[in-house]
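First the structure, in the form of structure tokens, and then the observations on it.
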Protein chains: 2
Amino acid sequence: MARVSREEKQRTHAAIVATAARLFREHGLAGVGVADVMSAAGLTHGGFYRHFASKDALIAAAFAQAVEEATAALAAADGAAARQAALLRYVDVYLSREHVDRPSTGCPLAALGGEARHAAPETADAAAAGMDRAIARVARCLPAGQARLTKARCLMSLLVGAITIARLSRDATDREAILAAAREDALRIVAP
Amino acid sequence: MARVSREEKQRTHAAIVATAARLFREHGLAGVGVADVMSAAGLTHGGFYRHFASKDALIAAAFAQAVEEATAALAAADGAAARQAALLRYVDVYLSREHVDRPSTGCPLAALGGEARHAAPETADAAAAGMDRAIARVARCLPAGQARLTKARCLMSLLVGAITIARLSRDATDREAILAAAREDALRIVAP
DNA sequence: GATTTAAGATGATATTCATCATCTTTTTAT
DNA sequence: ATAAAAAGATGATGAATATCATCTTAAATC
């Protein structure tokens, strides 16, 4: 192909990031190459560096994008009741079998949080910022008070850990039990 | 060098596993090569396949070994009081700044749990078995009762998630706050 | 409309790394 | 003691892959 318009380039850029966000969450940072992302986005590898300075820059963008999407509903909720409802739904979706089975569209902290620290500083920074953002958005949906942030930190830890552990299990019944246990505990934090 | 005795080979084998367990936890599964492990163990890469059929086989062995070590104190505790004390200490060490700062000697679930699922089935199996074992050993140190396993699953989720998140943070104060929040929540489970 | 610019394609390059082949030397087996 | 086996060393090999160079063609700019 050849040169495309500015708008088209923006679309391409967004497609690369979206594809990367999906693939990285599914196969891990080391499990996906630049060429994999590009071809999954319907492009060839060569054009990549017109969009990103490095694979790490792509990872950083993909991570941020994934956090944004995964927590958008929390940020959109308006009013105390809507916020609590959004958080309850967030926990419910988070601790679902679907989330365990499909990392590609799930929380990037659970999917990539462990490996992010091995990436370039640029990527680690993006991961840190994403984590902060996720916790802040969870905190925003908790009842106001000084324990808000503390509760959000606990809740996020519980959620990330539960999915990490559930994904390790090879037994469907165990996976379900892990989710159920975490759900119960999470509700104690969210709806006391 | 040349051929060594059976005992010497066993020592070499153990050294390779121990070195791998340390390096993998520190740099991730993809961040450490077979040659890295061997040279860190004071050997050359060539002899590796006298000990393991593949890198994945090494990862599986290293993971199992790391779980064993990380939970040995829990398994060794004898008597109700000793078990509770061992668990309290386990939580305390787990949620410490040192654990955040030094993945190389810490919990392999927190360090590698996220990437283990991208490895060969052999490795994923070892990770699953290690996870089961860790949870069982935690459960064993909780007060008897049918909620034992449920509590152990919650606690392990909280611990793994808290370390994962704390390691992502670039801010020492935040890291400390995450640990403190998780500690408080963990104690609620362990010492109700 | 002519000129310049750059998006994306095609095709290197260079490096990393898992695995294999072979050699040496010492242990084990006979 | 002699022969066979194998642990570990040295040195390929082949595949994967991040990045760069160059080409083509259409969009921007004049």
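The shown structure was predicted, so the numbers you read here are calculated from the model rather than taken from an experiment.
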Within the sub-3.5 Å range, which N or O atoms of nucleotides 26-30 of chain D have a protein N or O partner, and how far apart are they?
unit_1: dA27(D); atom_1: N3; unit_2: Arg3(A); atom_2: NH1; d: 3.4
unit_1: dA28(D); atom_1: OP1; unit_2: Arg6(A); atom_2: N; d: 2.9
unit_1: dA28(D); atom_1: O3'; unit_2: Arg6(A); atom_2: NH2; d: 3.2
unit_1: dT29(D); atom_1: OP1; unit_2: Arg6(A); atom_2: NH2; d: 3.2
unit_1: dT29(D); atom_1: OP2; unit_2: Arg6(A); atom_2: NH2; d: 3.3

Handout entry: Which residues share a ring pair (Phe, Tyr, Trp, His ring centres under 6.0 Å) with His45(B), sequence neighbours left out
Key = none
Completion exercise
ring pair (Phe, Tyr, Trp, His ring centres under 6.0 Å) filter on His27(A), not counting sequence neighbours, yields none
Handout entry: Rounded distance (Å) that lies between atom P of dC17(C) and atom CD1 of Ile59(B)
Key = 13 Å
Exercise for the section: Could you state the atom-to-atom distance from CZ of Phe48(A) to C1' of dA21(D) in whole Å? Expected result: 17 Å
Exercise for the section: Could you grab the distance from atom CD1 of Ile59(B) to atom CD of Glu115(B), nearest 0.5 Å is fine? Expected result: 9.0 Å
Exercise for the section: Could you list all the salt bridge (charged side-chain N to carboxylate O under 4.0 Å, His left out) pairs where at least one residue sits in residues 121-144 of chain B, not counting sequence neighbours? Expected result: Glu68(B)-Arg133(B), Glu68(B)-Arg137(B)
Problem - Phosphate OP1/OP2 of dC20(D): any His45(A) side-chain N/O under 4.0 Å - result: no
Exercise for the section: State whether Thr12(B) places a side-chain N or O below 4.0 Å from either non-bridging phosphate oxygen (OP1 or OP2) of dA7(D). Expected result: no
Practice task
Using heavy atoms to find the nearest nucleotide of DNA chain C for Gly47(A) and Ala53(B) separately, return the residue whose nucleotide is more 5′.
Solution key: Gly47(A)
Problem - For atom CD of Glu8(B) and atom P of dG8(D), their distance in whole Å - result: 7 Å
Problem - Spacing of Tyr49(B) atom OH relative to dA6(D) atom C1', expressed in whole Å - result: 18 Å
Problem - OP1 or OP2 of dA7(C) under 4.0 Å from side-chain N/O of His13(A) - result: no
Practice task
State, with a plain yes or no, whether a side-chain heavy atom of Val91(A) is found less than 4.5 Å away from one of Leu155(A).
Solution key: yes
Practice task
With side chain to side chain contact (heavy atoms under 4.5 Å, CB included) as the test, would you mind laying out the steps for Ile16(B) and Leu58(B) before giving the verdict?
Solution key: CA-CA 9 Å; Ile16(B) 295 172; Leu58(B) 172 64; 3.9 Å; yes
Completion exercise
Here the distance between atom P of dA18(C) and atom CG of Leu29(B), to the nearest Å, is 11 Å
Problem - Nucleotide nearest Lys9(B) (side chain, heavy atoms from C-beta), chosen from dT22(D), dA7(D), dT10(D) - result: dA7(D)
Problem - Atom-to-atom span, CZ of Arg50(A) to C1' of dT24(D) - whole angstrom - result: 12 Å
Practice task
May I have the distance from Phe52(B) (atom CZ) to dG8(D) (atom P), rounded to whole angstrom?
Solution key: 11 Å
All N/O pairs under 3.5 Å across the protein-nucleotides 14-17 of chain D interface:
none

Problem - Whole-Å gap separating P (dT19(D)) and NE2 (His51(A)) - result: 16 Å
Exercise for the section: Report the residues that fulfil ring pair (Phe, Tyr, Trp, His ring centres under 6.0 Å) with Phe48(A), sequence neighbours left out, ordered by chain and then residue number. Expected result: Phe52(A)
Handout entry: Residues forming a ring pair (Phe, Tyr, Trp, His ring centres under 6.0 Å) with Tyr94(A), sequence neighbours excluded
Key = Tyr90(A), His99(A)
Exercise for the section: Any pair with a residue in residues 11-26 of chain B that passes side chain to side chain donor-acceptor pair (under 3.5 Å), sequence neighbours left out, goes on the list, sorted by first then second residue, please. Expected result: Glu8(B)-Arg11(B), His13(B)-His51(B)
Handout entry: Residue list, salt bridge (Lys or Arg N to Asp or Glu O under 4.0 Å) with Arg102(A), at least two apart or on another chain
Key = none
Handout entry: Sequence neighbours excluded - salt bridge (charged side-chain N to carboxylate O under 4.0 Å, His left out) pairs with any residue from residues 153-173 of chain B
Key = Asp174(A)-Arg153(B)
Problem - Contacting residues from residues 113-123 of chain A, given that a heavy atom lies under 4.0 angstrom of DNA chain D - result: none
Contacts under 3.5 angstrom, residues 181-192 of chain A side chains, donor-acceptor by atom type, not counting sequence neighbours:
unit_1: Arg183(A); atom_1: NH1; unit_2: Leu95(A); atom_2: O; d: 2.6
unit_1: Asp185(A); atom_1: OD1; unit_2: Arg188(A); atom_2: NE; d: 3.4
unit_1: Asp185(A); atom_1: OD1; unit_2: Arg188(A); atom_2: NH2; d: 3.3
unit_1: Asp185(A); atom_1: OD2; unit_2: Arg188(A); atom_2: NH2; d: 3.4

